[in-house]
Every structure is written in structure tokens, then in C-alpha cells.
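Here's the structure we're looking at; comments come further down.
Letters A, B, ... are given to chains in the order of the sequence lines, protein chains preceding strands, and every chain is numbered from 1.
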Amino acid sequence: MGEISNLVMFVLEWLSQFSAETLTISATIIGAGFAMIAGIGPGVGQGFAAGKGAEAVGKNTDNSQSVTLVMLLGAAVAETSGIFSLVVALILLYSNPLIGLQGAGFVLAASALGAGLAMMAGIGPGIGQGYAAGKGAERVGNRPEYQGLIVRVMLLGQAVGQTTGIYALVVALILLFANPFLA
Amino acid sequence: MNGDALIQAASAIGAGLAMIAGIGAGIGQGFAAGKGAEAVGKQPEAQGVIVRTMLLGAAVAETTGIYGLVIALILLFANPFV
Amino acid sequence: MNGDALIQAASAIGAGLAMIAGIGAGIGQGFAAGKGAEAVGKQPEAQGVIVRTMLLGAAVAETTGIYGLVIALILLFANPFV
Amino acid sequence: MNGDALIQAASAIGAGLAMIAGIGAGIGQGFAAGKGAEAVGKQPEAQGVIVRTMLLGAAVAETTGIYGLVIALILLFANPFV
Amino acid sequence: MNGDALIQAASAIGAGLAMIAGIGAGIGQGFAAGKGAEAVGKQPEAQGVIVRTMLLGAAVAETTGIYGLVIALILLFANPFV
Amino acid sequence: MNGDALIQAASAIGAGLAMIAGIGAGIGQGFAAGKGAEAVGKQPEAQGVIVRTMLLGAAVAETTGIYGLVIALILLFANPFV
Amino acid sequence: MNGDALIQAASAIGAGLAMIAGIGAGIGQGFAAGKGAEAVGKQPEAQGVIVRTMLLGAAVAETTGIYGLVIALILLFANPFV
Amino acid sequence: MNGDALIQAASAIGAGLAMIAGIGAGIGQGFAAGKGAEAVGKQPEAQGVIVRTMLLGAAVAETTGIYGLVIALILLFANPFV
Amino acid sequence: MNGDALIQAASAIGAGLAMIAGIGAGIGQGFAAGKGAEAVGKQPEAQGVIVRTMLLGAAVAETTGIYGLVIALILLFANPFV
Amino acid sequence: MNGDALIQAASAIGAGLAMIAGIGAGIGQGFAAGKGAEAVGKQPEAQGVIVRTMLLGAAVAETTGIYGLVIALILLFANPFV
Ligand code: NA
Ligand code: NA
Ligand code: NA
Ligand code: NA
Ligand code: NA
Ligand code: NA
Ligand code: NA
Ligand code: NA
Ligand code: NA
Ligand code: NA
């Protein structure tokens, strides 16, 4: 290793020994790992819903069916960002359009990595929507006669909470399928 | 390796990092959704004002997620360095 | 050094990253455990439905942890790139 | 590759990192939205003061997200190193 | 340096990353411990069912931590790439 | 590439990292906003003291976000290494 | 530089990463401590069963922190790659 | 470029990382602000002792943010390695 | 550069990472402090048992922070690789 | 490149990382501040014991932040590798 000027240059040159395809594949794999981290969100949120659901069925055993229904409905919404991330990870692993493209290996590789990083935004909607699921289940247990209204407000709020996860998905898909740096 | 490639590579990673800001709005607005659902269950007659307040507050909470999106789009489509 | 080594090295790190998803289910299911324990203490006669609901909800909360595990196992044992 | 390219590349990543600050305002303002919705449901007659207090507090909570945005914009459009 | 060394180095880091999953179970099970302690204080006569439910829920919450441990052990002792 | 370029590149990333401190004030002040809104809804007659206390506490919570901003500005505009 | 040095360097970082798992038990057991203190204040006569349940639950919450410690110790003192 | 440039570059990043400690005080003091606002709303006559306790506790919570700031300032202005 | 320097550099970073475990005990024990203060306010006559339970639980919550410290000290002063 | 420069660079980053531990105490002690303020508002006559318990608990919560500071200071001023 020569002058230290070159700790950065050394790393870049060391990486340059690999083909663009090898660099892209390696970054794709790490990107897929990052994307899965979004799964923290649904895990926290749905677990909250599970706890509130368990509490609610204990208090209102007669309404346990509607409580369970609302808990599961809300938890299904909270799964969305986990599914988005899984899909992006599977795209990365099995049909990444960047692999094999001609071009600067660093750009292809970083785009795959960036797509994975963006998906981590899904942590937020997962937690938030799961919280809403839990509160919805709780209220339906107490006031089953308002189930329709409660569920509508829960779903409306969950939809609002999904947007930043969608933004991230869009940015990830742009990086993979409409990358402006590869034009 | 040319310099443009390095900048574009870093911009792709920067765009991905910027989107992480969206975690916040997702958690916060989901909390609002839950409190909103709880509140309309308790006071159905106040449904209008509850939902309007929830949505107003959620719109405010969206902004920093939008900022992250804007920076990501600038990095990708209006990159001052490329 | 050949390219396969870099890809396999990245796969080891990617597998480790994917497991971090498991933080979520751990927090959430633990919350459910706590609320379940509280609920059976208050309504021991409803123990059956409380525990069933807790377990059902916890099963739902497990899925993203499983997704992470599956991706990690694919990277290690069925790596499409190696 | 010249030094400017390295600086610009790092600035793109720095801009992305700075946006992560926005997580805070997203969570906090969403909490405020939820408590605001709860409060107007309980005291609809106090809606005015509740919403004003919620918005005032949310404006205060926005500042560090704005700081992050400003640093990101400086890095991209008024970079002192380039 | 040969390729095996790179893979083994990355596996050591991947094993460390996989352990981070354990944060979740630690938080969640601790929450369950707290709610369990609270519940047995209020209904000492229901101690049996409370503790059993707490432990059952905590066992469920352990799984993703175990997944992380298993992936780490595979990376260290049954590494398919080495 | 000279040494200054490396330092400036690292300073851009350091500035971005420092802004992340702002997550804290965003969450905390948003919590204060929510509790403030709740409190004025319950005791509108105490609005003055509630809002003053909320703002005083929020000012205290802002400091570490400001520290992060100051370090970022030093790195960009008064960098001792450049 | 030989391959062993790279592996040992990575193992030192991997050991540090593995310890981060301990965040979970710290939060969770602290929550249990707080709820335990609250519970013995309300029902001092149930102190025995409260503290036993708190400690039992805390022991369960410790495990993933121990897993992280074990992986770190393996990386440092029984490293299969060195 | 000599070794100093690398050290200074790393110090800029280290300074940025150290500021992240400030997340804690931001969240904690914001929580205190919210509880303080709630408390003065309920017991305006106890405003003095509530605000004093809130500020005393917040001062204690500030320390680790200050530690981070001090380490960042040492790295930038009194760096023992440069 | 020789291999020892790389190992020592990585050990310095690993030691820093290991300290991050301390976040957990800080949050958890602070929670216990808050609940303890609340509890002695409500039942001053039970102060002894409340504080003892709080401290016992906090001691349990400290362990994973200590594990992180021990690993950091091993990396710095009893490094098996150097 | 000489090895000392690399070690010192890594030590600067390690010091920054170690400070992140301070997040915990900031959150936890802020929680204690909020509960303390709430408690003295409800029982002003118990102010002495409330504040003492809050401060005792906060002192316990400070330790892991101090550990991080000590490791950072060792890396900067008593580095065993330099
Ligand atoms: Na949204
Ligand atoms: Na906002
Ligand atoms: Na799930
Ligand atoms: Na602010
Ligand atoms: Na599980
Ligand atoms: Na502050
Ligand atoms: Na455990
Ligand atoms: Na402190
Ligand atoms: Na412990
Ligand atoms: Na401590």
C-alpha cells in the first residue's frame, strides 16, 4: 500500500479489480439485507396489536370475534411495508435489472444498495399502522356498535401513514428500473 | 474510474439514505390513526372534528418525509454535481 | 482474488443485516406477552380466548422476522449468484 | 479522479444523512396529531385552543428537521468546499 | 490475501450484525416481566396463570433472537462459503 | 487528489451525521406539543401557564439539536483542518 | 498484510457489533425494575412474589444479551477462522 | 498527503458521530416538557416546584449530550493526534 | 502498513461499537428512576422497599452495559490478536 | 502509510461511536424528570423524597454514558495502541 493519500484511492482501486457485474451483485446482496430490516416495523406494530387484542378480548369476551377481526385487518395493513421490502429483496436477488448492464460498476452497485437502504423507511408505517390496529381493536371491543366508524377512521389514518413507505418504494424502483444515471 | 461515476454512485446511496426519514411520519401518523380511531369510538358525535384534527396533524407530520423525498429526487434528477 | 469471493463476503454481511428485522417481532411479541399476562390476571376466566388472541397476533407479528430469516438462508445456502 | 469529485460524492451522502433528522419531527408531530384528535373529541368546545397549541408545538418540533434540510441544501447547492 | 480470508472476515462481521436482532427480545421480554410483576402484585391468587402466560409469550418473543444466533453460528462454524 | 479533499469529503459526511441529533428534539418537542394540546383542552383557563411551560421545556430540549447544527456549521464553514 | 490480520480486524468489529444486542435487555429489565418498584409500593405485602416475578422475567430477558456476549467471546478467543 | 489528513478526516466523522448522543436529551427533555405542561395545567398553584423539578431533571439529562459535544470539540480543536 | 496496525485500528472501532450497548441500561434505569420517584410520592411510607426494588432491578439492567464495557476493555488492553 | 495514522484515525471514529451510548441516559433521565415533575405536582409535600429518588435513579442511569465517555477519553488520551 502506498501513500495514505490513498486509503480511499486504495479501496476504490481494490474494488476496481472486480468486474462491474461482480460489484453490482455484491451490492445487490447487501441491499437486500438492508431492505429486510424494514421488517422491524410490522413486527413491533403487529405485536402491539396482538397485545391490545388480547387485552380487549379479555375485557369484552362477547365481542371477541369483532376484536379479532379488527386486529387482523389492521395488522394486515401493517404488513404492507414488510411485503414491499420482501418483494424488493426478491427482485434484487432474482431479477435485478442492473446486473449485467454495461456501465460504471460503482453506479450500478450503489444504485442497488441505495434501493435497499430506501426500503428501511418501511419501519415507520409498520409500527404506526400496527399501533392503529391495536387501538382500533381495543375500541371495537368496548363499543362494537361503532365498529364501522372505528374501522373507517383506522384505515384512513393507516393510509395516511403509508405514504412515506410508498415514497421509498418509488425511489427504490426508480433506482432499479428507471435509473437516471444510466440513461 | 472517472469522477462522475463516483458522484453518481454516492448520489444513489444518498437518495436511499434520505428516504429513511420516512420512518418518522409512518410511526407518528400511525399513532394519530390509532388515537383517532379510539376517539371516534368514544365520541362518535364529534367524528368530524376528530378526523379533521387527525388529518391536519398528520399533514404537518408528513413534511419531513417530503423533505427527504425532495432531496432524493434532486440527487437523482437534478443533481448539481453531475 | 476472484469475484466469487467478494460476492460470498457480501452474502455473509447481507445475511447478518437481514436478521436485524427480528428486532420488531421481539419487541412486539414481548408487548403482547405483557398485555396477555396482565389480562389473564384480571380475567382468569377468559384465559383461553386471551391466550389464543395473544398467540394469533404474535404469529402475525412473526412473519417479517421469518422473511429476514428466509432471505438470509437463501443468501447462504441457495445463493442465486454463486 | 480529482479531489472535487470525492468531495461532491461525500456531499451527496452527507445530504442524505442529514435528512434522517426528519424522523424526529415525524414521530413527534404525529404524536401531537393523535393527542390533538383525542382532545378535540373530549372537549369539542375547546377545539380552537387545542388545535392552536398542537400547531404551535408542532412548529417548534419542526425546527431540527429544517436544520437537516438546510445543511443538505448547503451541501448540494452552496457547498463551501467545491 | 486470498478470497477465503475476505469471506471469513465478512462472516465475522455478519455474525456480529445478526446478534443485533436480540435487541427485540430483550425489550419485549423485559416489558412482559414488568407487566407480569405488576399483575401478580394485583392478583397474587392468579400468580400461576399470569406467570405461565408471561413465559409462554416470552418464549414466542425469543424466536427471532434465536434465528439471529443460528445464522451467526452458521456463519462461524458451518459456513457454506469456506 | 490532495489531503484537503479527503478532509473536506469527510467533513461533509460528518456534517450530515451531526444533524441526526435532531431526531431527539423532534420526538421530544412533539410529545410536549401533544401533552400541551391535551392539557389546554382539559384546563383552557390555565392555557397561559401550560403553553409557557411547554415552550420552556421545548427550548431546553432544543439544545442538543443546536449543538449538532453548530458542529455541522463548523465543519462546513470554520473547519480547523482545512 | 496477510489474511489473518484482516480476519482478526473484522472479528474485533464483529465482537463490538454483537454487544449492541445488550441494548434490549437494558431497556426491558429497566422497565421491569420500574414496574416492580411501582408494584411493591402499591402492595408491599406482595413484595416477595412481585420481586420473584420481576427477576424471573428479567432473567428471560437477559438471554439475547448473553448470546451476543458469547458470539463476541468466540470471535475473540475461540475464533474458528484464525 | 501525509497521515495527518487521514486522522483529520476521521476526526471530522468522529465529531459528527459524537453529536448523535444528543438524541437522548432531546427525547427525554421533551418528555419532561410535556409532563411539566400537563402537571402545571392540573396544579397551577404548584407551578414553581413543578417547573423547578422539570428543569433540575432536564439538566441531569443534558449531561451525556454535553459529553458528546466536548468529545467533538476535542476532536476538532484539541486533537491529541494532530 | 503491517497487519497489527489494521487489527488495532479495528479494535478501536470495535470498542466504540461495544459501548453502544449502554443505551439500553440508560433508558431502562431512567424509566425505573421515574417510576420510583412516582411511587415514593404516592406511598412515602413504602420508600424503603420501593427504592430497594428499583435499585435491585437497575442492577440487573446494568449487566449488558457492563458486558459491552468488558469487551471494549479486552479489545483495548488484553487484545488476543495483538 | 504508517500504521499509527490508521490507528489514530480509527480511534477518532471509535471515540465518536462510544459517545452514542449517551442516548440512553438522555432518554431515561428525561423520563425521570417528567415523572418527577408530575409527582411533585401531585404531592408537593413529598417533594424531598421524590426529588431524591429521581436523582438517585438518574445517577444510576448515568453510568453507561460515563463508560462511553471513559472509553472515548482512553482512545484519545491514553491509547494503548499508539
Ligand atoms: Na404519511
Ligand atoms: Na413535519
Ligand atoms: Na407480520
Ligand atoms: Na425543534
Ligand atoms: Na418470535
Ligand atoms: Na437539551
Ligand atoms: Na431472552
Ligand atoms: Na445525564
Ligand atoms: Na441485564
Ligand atoms: Na447505569
Side-chain angles (χ1 to χ4, degrees), chain F residues 1-4 6-36 38-40 42-43 46-47 49-65 67-68 70-72 74-75 79-82, chain H residues 1-45 47 50-51 54-55 57-59 61-62 64-66 68-73 75-79 82:
Chain F
M1 190 181 68
N2 61 19
D4 265 11
L6 183 66
I7 296 169
Q8 292 172 331
S11 295
I13 290 175
L17 288 170
M19 299 319 294
I20 295 178
I23 291 177
I27 297 178
Q29 293 169 340
F31 178 84
K35 294 304 277 186
E38 184 181 50
V40 297
K42 283 188 190 154
Q43 289 93 11
Q47 179 190 350
V49 66
I50 291 168
V51 171
R52 276 199 307 278
T53 305
M54 175 186 92
L55 290 178
L56 172 63
V60 172
E62 185 82 1
T63 59
T64 49
Y67 301 164
V70 168
I71 293 293
I74 288 173
L75 284 168
N79 197 310
F81 301 142
V82 179
Chain H
M1 184 172 68
N2 58 19
D4 265 11
L6 183 66
I7 297 170
Q8 292 172 332
S11 295
I13 290 175
L17 288 170
M19 300 318 295
I20 294 177
I23 291 177
I27 297 178
Q29 293 169 342
F31 177 84
K35 295 303 277 186
E38 184 181 50
V40 297
K42 283 188 190 153
Q43 289 93 11
E45 71 287 358
Q47 179 191 350
I50 291 169
V51 171
M54 175 186 91
L55 290 178
E62 185 83 1
T64 48
I66 302 273
L69 177 62
V70 168
I71 292 293
L73 292 173
L75 284 168
L76 295 182
F77 295 104
N79 196 311
V82 178

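Listed by first and then second residue, the salt bridge (Lys or Arg N to Asp or Glu O under 4.0 Å) pairs that reach into residues 20-36 of chain H are H/Lys35-H/Glu38, H/Lys35-J/Glu38, sequence neighbours excluded.
The distance from the CG atom of H/Leu76 to the CG atom of F/Asn79 is 7.0 Å, given to the nearest 0.5 Å. One distance of note links OG1 of F/Thr64 with CD1 of H/Ile20; it measures 12.0 Å at 0.5 Å rounding. Rounding to the nearest 0.5 angstrom, the gap separating the CZ atom in F/Phe31 from the CD1 atom in H/Ile27 is 11.5 Å. Put simply, CE on H/Met54 and CG on F/Leu56 are 4.5 Å apart, with the number rounded to the nearest 0.5 Å.
In terms of heavy-atom proximity, H/Phe77 sits nearest to F/Ile74 at CZ-CG2, 3.7 Å. Taking all atoms of both residues into account, the shortest heavy-atom contact from H/Ala5 to F/Gly3 is CB-CA, 3.8 Å. The shortest heavy-atom contact between F/Ala39 and H/Ala37 is CB-O, 4.1 Å.
Looking at H/Gln8, both its backbone and its side chain come within 4.5 Å of chain F, counting heavy atoms on both sides. Both the backbone and the side chain of F/Ala10 come within contact range of chain H, with heavy atoms under 4.5 Å apart. Only the backbone of F/Ala58 comes within contact range of chain H, with heavy atoms under 4.5 Å apart. Looking at F/Leu55, neither its backbone nor its side chain comes within 4.5 Å of chain H, counting heavy atoms on both sides. Contacts of H/Val40 with chain F are made by both backbone and side-chain atoms, with heavy-atom separations under 4.5 Å. No part of H/Ile7 comes within reach of chain F, as not one of its non-hydrogen atoms sits under 4.5 angstrom from that chain.
Between chain H and the options F/Val70, F/Thr63, F/Ile13, F/Val82, the largest number of non-hydrogen pairs under 4.5 Å is found for F/Thr63. When H/Ala21, H/Ala32, H/Ala12, H/Pro44 are compared by the number of non-hydrogen pairs under 4.5 Å with chain F, H/Ala12 comes out ahead.
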Side chain to side chain contact (heavy atoms under 4.5 Å, CB included) between F/Tyr67 and H/Ile66, intermediate numbers included: CA-CA 9 Å; F/Tyr67 301 164; H/Ile66 302 273; 3.4 Å; yes

